[in-house]
Q: 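This is the structure I want to talk about, given as structure tokens.
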Number of protein chains: 2
Amino acid sequence: MATVERARQSDLRERNLAAVLALVADRTAGAGGDPAPSRAGLAAATGMARGTVSALVDALLAGRLLEEVPPPPRTGAGRPAHGLRLSGRRVAALGVELGASHAVACVRDLTGAVRAREAVPTIDRTGPPAQVLAASAELAGRVLADARAQGLDVVGGAWALPGLVDTGAGTLRLAPNLGWRDVDVLALLGEHPALQGLPLAVDNEAALAALAELWHPGEPDDAAGGRRGASFVLVTGEVGIGSGVVLGGRPLRGERGWSGELGHVTVDPSGPRCGCGASGCLEAYAGQEALLARAGLAGGAADDLRRAAEGEDPAALAALDDAGAALGTALAAAVNLLDVDAVVLGGSCAPLAPWLAPPLQRELAARVLRARLLEVPVRVSATGADAAVMGAAALVLQGVLDAPAPLLGA
Amino acid sequence: MATVERARQSDLRERNLAAVLALVADRTAGAGGDPAPSRAGLAAATGMARGTVSALVDALLAGRLLEEVPPPPRTGAGRPAHGLRLSGRRVAALGVELGASHAVACVRDLTGAVRAREAVPTIDRTGPPAQVLAASAELAGRVLADARAQGLDVVGGAWALPGLVDTGAGTLRLAPNLGWRDVDVLALLGEHPALQGLPLAVDNEAALAALAELWHPGEPDDAAGGRRGASFVLVTGEVGIGSGVVLGGRPLRGERGWSGELGHVTVDPSGPRCGCGASGCLEAYAGQEALLARAGLAGGAADDLRRAAEGEDPAALAALDDAGAALGTALAAAVNLLDVDAVVLGGSCAPLAPWLAPPLQRELAARVLRARLLEVPVRVSATGADAAVMGAAALVLQGVLDAPAPLLGA
DNA sequence: ACTGATTTGTTCTGTCGTTGAACTTATGCC
DNA sequence: GGCATAAGTTCAACGACAGAACAAATCAGT
């Protein structure tokens, strides 16, 4: 009995603009595969009248969200079509990731291409949140300037943060790994001179990494038909373990944006104590710290573990096998509850996939009820370490694709 | 990058009809509380022009989805408004539940009132699925006849089934408790003469029970503002343990309709063996069979356990405490992953709530990451044993509320 | 009882957006 | 060079909402 929103006539246009844009975006992403779509092709695909599509395309061309590509490959007789694709010349979006020990900012254009990027390997977070956020805003200011110098129109920005982010209010409610609590991120960022006039958003880094996965151009098309209806849980192991859920091609946010807390799913109630106060959380098995400690590499880095595993170090292999099984138990719960198609290993789990995947796969096969009907594939994320920043920018771009009208002038 | 559907002009009308209908439904449900809404009130609430609302209401009155209630309570000066409410005189829906050992069918009118009902306490399911389904179709035929004799226009029917239901294809893929596998339910039912011409659907019983919870008139308004934006996980313990998830006032289906398999979430990987083949599933702790066995009442009924607990039988109390804790562990995973507002105990868990809730609450508080920010309330379902049938009918009715246009004549 | 204020509901014109068909343009094939 | 074919454009018509003017029904005060 959720209330249905009323619709005005302009919503009709908004939606059809979005429909056209989404279709073009799907084919632009497909790169070499599909030919650039034409107005007539779009009309056939959407079911709209050709005249309507022409009008919508004209508006999108005028707003420079689309551009014509001269001659698409010809097929038979008849007037040749004008190919269409997303234009990377105007609209762009800012993404910023604020991790436990680093910060990255980037600007992506509407095609998803990265047009400016800067990383700060170690960020000084001894100061109060306001100071750390201001430093990230300055970093953002530099990539913004870079992007604007290229003639890009940056229409919004998003910050990726670890912890429980209240996406509605724009606040970071709880971030154990940053040591922050109840920080009004949006308000603090909004004050910064470098960000004046730029609409901002905040979201959880794992949720954004999942969005990045969805946007990643190289993603192999699975049976479901490419990115369109993709559904998966992406595991992002950094300091803690988080996850982002995508269902039906859309991120699943939960009631407040606090979904996907895979790291604190219980693997064994009588298991080791977790930093959150509970016992037997996934993080206590497969979190970076726990994992390194069990491998006898306490205080080391993720890379050390990979090397140890490559050298077939028994402690490392055992720790990874345990961690993979723990991941499998927790992810089985996620698949049982959410009915997603696949599991994707991202973050620091990705390079460890050769060792994590077999026990993980085993547990999924045993513990997911539907596994006897339909296997749960385990994939390795195609996005790299920048997943969260890329996803942050993608969040803004997705907003443009969903509601392009405001960018099309009067 | 989910593809956006194009919209035609008639969709505008459809959506605004639904918006009006949803608003009236919300207030009709509120029973004594709110006064019956007027056209002017609806215009103010939706933001539409008064003329537009009048036209929409006229169409809905003509289609007998709404009716006018003579004089709503007066307030001040001015022309008195005509009150509006959902009409129970025309549209109705059939719901059928096919449990492991019983079958129920009912017809609810658009206000949610039950207008016809018949239960078969024990169903003979020794025969093949086709035969059992045919028996349920005959049961349905009888309540249909009853409803039609009352002048009701039954616009659709839904079957509630235990197990993995493919809602898209209309098939029951796997039902351990029925012993069925890959049954094309919709095709078999569609052949039956009693159901000719009636659009049918199938869904999982727990998902439908959750929908019933959402539709239940007596549901206490929680902080979120009543049923509108409700979000919860409903636990339905019958033979197995299932759950239905409602997020933002809408059921969460998952990619295929296989979400909510709470019963097979792992509570302790080294725990007792479950019927599904895995070990330590929630069902192996809190499923009816396991629970009774641990309480020393193997082979007994749910009621025996309640009586034993009321008599403070130590074995029963211990079993219930363990089951509550196991439920808490599994539900903590659900809340961590889904960020729902609340947990609701339904089915055979409801009468046991006095004993299950305390340990459950305790585990939730310890294991849900967000619990330190926002408590996870545990409620007891307001719907009775008929939850799934009621929800099945509600599924159809919700479809009418969401898309009323087809019922409004040419 | 009458009058004016007030609020509800209806009617009508204007505007927006899509539809469908006719028309123009550009190409390949014979 | 002419014809078939397909792409894109133009235009009248229709459906739906918006906004304002208007009619109807009540209350309050004299």
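These numbers were taken from a predicted model, which means no experiment stands behind them. Just so we're on the same page: letters track the sequence lines, and every chain starts at 1.
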Q: Just the rounded figure in Å: distance from C1' of C:dT7 to CG of B:L42.
A: 15 Å
Q: Below the 4.0 Å mark, does D:dC17 have OP1 or OP2 next to a side-chain nitrogen or oxygen of B:R13?
A: yes
Q: In whole Å, I'd like the distance from the CG atom of A:L56 to the P atom of D:dT9.
A: 12 Å
Q: For A:R79 and C:dT25, give me the distance from atom CZ to atom C1', rounded to whole Å.
A: 5 Å
Q: Want to settle it: does A:A7 or A:E68 sit nearer the 5' end of DNA chain D, counting the closest nucleotide to each?
A: A:E68
Q: Measure across B:A55 and B:R13 and return the closest heavy-atom pair with its distance rounded to 0.1 Å.
A: CB-NH2, 4.1 Å
Q: Consider the side chain of B:M48, meaning its heavy atoms from C-beta on, and name the nucleotide among C:dT27, D:dA16, D:dA18 that approaches it most closely.
A: D:dA18
Q: Please indicate whether A:R90 has more than 12 foreign heavy atoms, meaning atoms of other residues, nucleotides or ligands, lying under 6.0 Å from its CZ.
A: yes
Q: For atom CD of A:Q150, is the number of surrounding heavy atoms from other residues, nucleotides or ligands below 6.0 Å larger than 12?
A: yes
Q: Is B:S38 close enough to C:dG9 that one of its side-chain N or O atoms is under 4.0 Å from OP1 or OP2 there?
A: yes
Q: By the 4.0 Å heavy-atom rule, please label B:R6 as base, sugar-phosphate, or nothing.
A: sugar-phosphate
Q: Verify the contact: side-chain N or O of A:R39 to OP1 or OP2 of D:dT9, cut-off strictly under 4.0 Å; return yes or no.
A: yes
Q: For A:A7 and B:N16, work out which heavy atoms get closest and say how close.
A: N-OD1, 2.7 Å
Q: Round to the nearest Å and state the distance from A:L84 atom CG to D:dG8 atom P.
A: 7 Å
Q: Under 4.0 Å, counting only non-hydrogen atoms across every strand here, what does A:R50 touch: a base, just sugar-phosphate, or nothing?
A: base
Q: Would you indicate which nucleotide in D:dA25, C:dT19, D:dG8 comes nearest to any side-chain atom of A:A40?
A: D:dG8
Q: Can you check the B:D11 CG to D:dC17 C1' distance for me, whole Å?
A: 15 Å
Q: Answer with base, sugar-phosphate or nothing: what part of the nucleic acid does A:A49 contact at a heavy-atom distance below 4.0 Å?
A: base
Q: Which of these nucleotides, D:dC17, D:dG8, D:dT26, is closest to any side-chain atom of A:Q9?
A: D:dC17
Q: Taking 4.0 Å as the cut-off, does a side-chain nitrogen or oxygen of B:N16 come that near to OP1 or OP2 on D:dA16?
A: no
Q: Using a cut-off of 6.0 Å, state whether more than 12 heavy atoms not belonging to A:R89 lie near its atom CZ.
A: no
Q: Once you apply a heavy-atom cut-off of 4.0 Å, does B:S54 come out as touching a base, just sugar-phosphate, or nothing?
A: base
Q: Grab the CG-P distance between B:L61 and C:dT10 for me, whole Å please.
A: 9 Å
